[in-house]
Amino acid sequence: MPSPKAAVITGSTSGIGLGMARSLASRGINIMLNGLGDAAEIERTRIGIEQDFGVGVHFHGADMTRPDEIADLIAATKTAFGSVDILVNNAGIQHVAPVDEFPADKWNQIIAINLSSSFHTIHHALPHMKAAGWGRIINLASAHALRASPYKAAYVAAKHGVAGLTKTVALEVAEQNITCNAICPGYVWTPLVANQIADTARTRGISEEQVKKDVMLLAQPTKQFVTVEEIGEFAAFLCTDSAKNITGAILPMEGGWTAK
Ligand code: NAD
């Protein structure tokens, strides 16, 4: 890995993106945070990572539906740290509805954030990686890049698209010391998920443990949530030189879900 190292992580103001930011920062990698949220809270997060790991951490608020802002995010990373060595495409949203009732604007928004933004970030980041002769691209896909669920047409289509983009980019840069992979989590323990448990238990009249095992983790044979720390450590490994022959891979991390 060249020095100094810099990673840009889309959607890293919370959840999985933040977990990956902390794991990469723990390896001494400078971080460009991105995402939506309360400005004061984001600033606390930014300073917290700087203090915990002694790396440079910047924030750029590019909206992943805006190609011009995405171009600026990559340019700002290069300006801040002198290189764009690692790109993690993580920003994502969900909407659940039957396909014949699925709002067209939601479809467009999910395709823009969950799929097209990854094209735009890669489009702008790759020239920097090619010039440096080293790069790592990690796309946060989902078990839904490999399996479908009803009522998630846009999400499943976007995540399958991410898998195709991952393989294509990997082939294009295979001889240039740049890898491109997709991590496919199942259900991940995030504050969003944790906050739903008590409500669901109350609504269904079952215990919180039953909500976790029989409702949320129905598809996940291990009956355990994936943690953001596990995903962060997996991403950090993919950024090492030991992982240079892992490329174009669609990597499940879903407690055995897609083995069925
Ligand atoms: P989250 O809601 O905690 O985080 C999403 C991040 O994306 C936030 O930082 C948010 O600000 C950002 N974001 C949303 N819209 C944006 C926009 N227009 N521009 C810029 N940033 C935007 O969600 P999460 O669970 O951490 O999910 C992260 C990724 O992991 C997503 O791609 C999601 O599809 C994927 N994933 C999540 C799970 C899970 O169980 N949580 C499972 C599989 C895959």
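We count ligands from 1, going down the list as the structure has it; atoms in each ligand are counted the same way. Every heavy atom of this structure was used, including side-chain atoms; hydrogens, water molecules and symmetry mates were not.
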Taking a 3.5 Å cut-off between nitrogen or oxygen atoms, can you list every pair linking ligand 1 to the protein, with distances?
residue  : atom   : partner : partner atom : Å
ligand 1 : 3 (O)  : Ser14   : OG           : 2.8
ligand 1 : 4 (O)  : Ser14   : OG           : 3.3
ligand 1 : 9 (O)  : Gly11   : O            : 3.2
ligand 1 : 9 (O)  : Thr13   : N            : 3.4
ligand 1 : 9 (O)  : Thr13   : OG1          : 2.8
ligand 1 : 11 (O) : Thr13   : OG1          : 3.3
ligand 1 : 11 (O) : Leu36   : N            : 2.8
ligand 1 : 11 (O) : Leu36   : O            : 3.4
ligand 1 : 18 (N) : Asp63   : OD1          : 3.0
ligand 1 : 19 (N) : Met64   : N            : 2.9
ligand 1 : 26 (O) : Ile16   : N            : 2.8
ligand 1 : 32 (O) : Asn90   : O            : 2.7
ligand 1 : 32 (O) : Lys159  : NZ           : 2.9
ligand 1 : 34 (O) : Tyr155  : OH           : 2.6
ligand 1 : 34 (O) : Lys159  : NZ           : 3.0
ligand 1 : 40 (O) : Val188  : N            : 2.9

CD-CD1 distance between Glu229 and Ile16, expressed to the nearest 0.5 angstrom: 11.0 Å
Name the atoms and distances for all side-chain donor-acceptor pairs under 3.5 Å in residues 97-111, with sequence neighbours left out.
residue : atom : partner : partner atom : Å
Lys106  : NZ   : Gln109  : OE1          : 3.2
Asn108  : ND2  : Ala104  : O            : 3.4

Residue pair Thr168 / Glu172, side-chain donor-acceptor N/O under 3.5 Å: no
Qualifying residues under side-chain contact (heavy atoms from CB on, under 4.5 Å), relative to Ile47, sequence neighbours excluded: Glu43, Gln51
Gln94 vs Asn114 side-chain heavy atoms within contact, under 4.5 Å: no
Non-neighbouring partners of Ala235 that pass side-chain contact (heavy atoms from CB on, under 4.5 Å), sequence neighbours left out: Met20, Ile138, Ile183
